[in-house]
Amino acid sequence: MKRNICIVFLSILCLTLIGSTISDTRRLVRVGVYENPPKIYTEEDGTVSGFWPELITEIAVQEGWKIEWVEGTWEENLARLENNEIDIMPDVGWTVTRSHTYTFSNETVLVSWARVYVQQDSTIETILDLEGKKVAGLSGALNFDGPEGIKNLAAKFGVRCDFVEKQSYQEVFEALEKKEVDAGITNKDFGDLNEKNYEVSRTPIIIQPTSITFAYTKNAVSTPYFQATIDQQLKAMKADPESVYYQLLDQFMGQDTGKTLVKVIPTWVYILLANLVVFVVLLGLMILAARKQIQLKTSALVASESRYRMLIDNYPDYIFRIDKDGTFLDYHSSPQNKLFVEPKDFINKNIINVMPEGLAKQTIEKVQQAIQTDTLQIYEYQLEIKGSVYEYEARVSPNGKDEAIVFIRDITVNKRANRELHESQKRYQTLTNIAPVGIFHTDIEGRTTYVNPTWCEISGMSADLGLGNGWLNGVHPDDRKSLSKSWNDATQEQSRSIQDYRFIHEDGSVVWVIGQAVPELNENNQVIGYVGTITDITERKRIEDLKAAVDRAESADRLKSAFLATMSHELRTPLNSIIGFTGILLQNLVGPLNDEQKKQLTMVQGSAQHLLELINDVLDISKIEAGQVTIYPSEFYLNEAVQRSLEKIVPMAEKKGLTVNSDISPDRILLNNDQRRVEQILINLLNNAVKFTEKGEVRVKCQVTDDYVVTSISDTGIGIQPEDLEVLFKPFQQIDTGISRQYEGTGLGLSICKRLVELMGGQISVESEWGKGSTFSFTLPLQKEQQQ
Amino acid sequence: MKKKILLIEDNEQNIYLLTFLLEKSGYQVIQARDGLEGIALAQEEAPDLILLDIQLPVMDGYSVARELRKIDSLKKIQIIAVTSYAMPGDREAALKAGCSGYIEKPIDPTIFISQMEEYLFSDFSGG
């Protein structure tokens, strides 16, 4: 220490000597001066003084420069600097904007920020409290008019103030003191030094931390030289705690202790205590130097800490300082964070006593690992706070050999979102794998990028073959062109599409599908692709075809029924006249007929009757075939029905000389059935019997068994050949065409009888011996006699 | 005194045929060519029996039967549907509409009168 001070003295002496001897060759340096005490100012006698002039003078001495002070306002000198009218402007805060206009020293000379001051009784504490207030500031100063100055800052917060321009910081404080304004902004250096001389109060509103240094004319020939030289000088001075730089900082920017040391000491004290004084002065200088050093470091630390405090106050993560044994040293937590325990319960306590054991051990282990390996350690953990489980990510960064900084981030929401996303993706995957429909995905051009297993099953193509436009190869050639076109249209219009088409499998089988696709949108509603399904509708198509066929058949059938109903009616009307008038004539109601007239009219009558039968039979069989015959049951006695039927048959039988007998036991057999249909069957069978019998008898026999009555009609006619018995009851299968010519008939009668009997709950059968006669029998269910 | 038969029928040949047959058998025949005329005549003439065709212009036979049955004086009269409607259910439809009986066309002149007289000499108890 002693040696250092000697060196300083010696160097100053030497440089002063050198400086005075080589004045003619010195480089002229033009330095801007403005009024901003104590940093830079002009004393009453015109001497330029302050931190900056002293500093640049020191450098000038070192470098052998001659300084020309160019005085002016802040703005004037900055303008001069820009125009290369001065070489160096001190006290210029670095900003992005200014760095485009000027060249700056790389070495920071001062770190500064600006602070808002208010009247002493003011309640202004935040920038929001400035709403509607008068705020004074230094005209043109960065902290006032700059991009991050109070004016812009207030505007960003939506705070409207009335700004008052002042020409110096003194004026700002004076205005505050006189209560002309509610608030004022000054730089740190001015404020720190002068706040106690005015009736003003600090606020916590601090803005615009700035690096302040020398600025040079941009692109001037000498600028690189000045920049390099001054950088080098500053670097050297900053490295030496006892350099002029630190002395000046202390003299102008620190507490004003130095001024009180200036005392006049009487000469006799020197004489008497010379040795002692030398010793005391040396000792005092040593102590002073040490104190200065501590003060400097402390103030640098305070400045640094203020900067970081500003930065992290709104930092969302938790930050803990933990020593290698697990003791909490310090913390940061933003107000919205939830702390597991209150700060007083963990600060200076060991994590083992505060946090769950597992987490505490893990944390200590990571802290030690970080310190030992000097690397960042990252881990995640869960913590239950007031019944809710939170998830955190911890980053442990070594901080020296004994402690670590732990950054903890609440990742509960991210984790949950990730988990939900993962689950959602898994669910989607499972769904697509097991879905009974084929699923595909395409890019925005419509080229397939994904197909699920069911898609492969339905299309008969492997996933590889189906990708891109490959799927078209599996489509039925008849559908390929139209499908390709409609798909192109859909992708160009970015619309949803739906179409039926066919896939052909390798074995030639055809699968009908209904394909649907919808645009897939991103969060900005832009189409990024398409998702779609194909559903196997082969079975549905088959049923549709079948149904169409059935519909056609049914409509044809309805047409037939309507035609038959009309035909039946229209044919009966003229027949009514033919049969009616023929009957009247043959009854001689009009007058006697001769034999020939009677014979011919009988022929007309026979033909008309035959025609009527034909109409009835065709109508009946059509109705039966179409399943449109309805049985209308009513109670009636079978013997009465037989009697009525016989009455119609007897005249014809008598003409052929046949006897007709009936044998009904018991006398009255009650049925609940369609009486007309029963009579129709009886007449039909009796008619056949009479028709095919030339001699002998026709006999009707009714016999009751347990639940049925069996009615048999027997004849002694030509009989039926065994091979014909099989087709006897089938429609339009009249046996032996030779006979049918001889015996008129439609060939429908027996098949109608069979169907009607069956519809009425009975059965019909035939026994016959060729040449000897036939017996037709049918059964009908009995109706239990009601009590009478 | 001759029994009065109201014949509601639009086909001229059928009118002639049935009128001839009925008059030969000693009945007085009143002819109506459509349902409305038939209903009017039924009230004016108080016939002993009505023969009603089903396929009639303007108002079909079923409707005529229903209207006739609404008239108090005609509640007990015998109404016989004489029709060539031979489809299944036609007979039942006629009875349901209020007819007492049903004779299918073409009629058989040898038995028509006796078929009709069965109804004429029995009481109608339907409706």
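Please read all numbers here as calculations on a predicted model, not as lab measurements. Proteins come first, then strands; the chains are lettered A, B, ... in the order of their sequence lines, and each starts at number 1.
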**Reported NZ-to-CD1 distance for the pair A/K648 and B/I111, which is rounded to 0.5 angstrom** = 5.5 Å
**Message:** Looking at B/E117, I'd like to know if its CD atom is crowded, meaning that more than 12 non-hydrogen atoms belonging to other residues, nucleotides or ligands lie closer than 6.0 Å.
**Reply:** yes
**Request:** Return the minimal non-hydrogen interatomic distance between B/P109 and A/G583, and the atom names on each side.
**Result:** CG-CA, 3.3 Å
**Request:** Could you pull out the closest heavy-atom pair between B/P106 and A/I579, with the gap in Å?
**Result:** CG-CD1, 3.6 Å
**Message:** Heavy-atom pairs under 4.5 Å with chain B: which of A/V590, A/L586, A/I578 has the most?
**Reply:** A/V590
**Request:** Mind checking the CD-CG spacing from B/E104 to A/N616? Nearest 0.5 Å is all I need.
**Result:** 6.5 Å
**Message:** Can you tell me how far apart OG1 (A/T582) and CG (B/D108) are? Round to the nearest 0.5 Å.
**Reply:** 11.0 Å
**Request:** Using a 4.5 Å cut-off on heavy atoms from C-beta on, say whether the side chain of A/S577 contacts that of B/N14.
**Result:** yes
**Fill in**
If one checks every heavy atom of B/F20 against chain A at 4.5 Å, the contacting part turns out to be side chain
**Request:** For B/K24 and A/L589, indicate whether the former's side chain and the latter's backbone hold a donor-acceptor pair under 3.5 Å.
**Result:** yes
**Prompt:** Hey, what do you get for CZ (A/F581) to CG (B/L21), rounding to the nearest 0.5 Å?
**Reply:** 9.5 Å
**Asked** CG of A/D667: more than 12 outside heavy atoms within 6.0 angstrom?
**Response** no
**Asked** Going from CG on B/L18 to CG on A/N576, what distance comes out if it is rounded to the nearest 0.5 angstrom?
**Response** 7.0 Å
**Asked** Going from CD on B/Q13 to OG1 on A/T573, what distance comes out if it is rounded to the nearest 0.5 angstrom?
**Response** 10.0 Å
**Expected output: side-chain A/R572 to main-chain B/K105 donor-acceptor under 3.5 Å** = yes
**Item:** Exceeds 12 heavy-atom contacts within 6.0 angstrom, atom CG of A/D595
**Value:** no
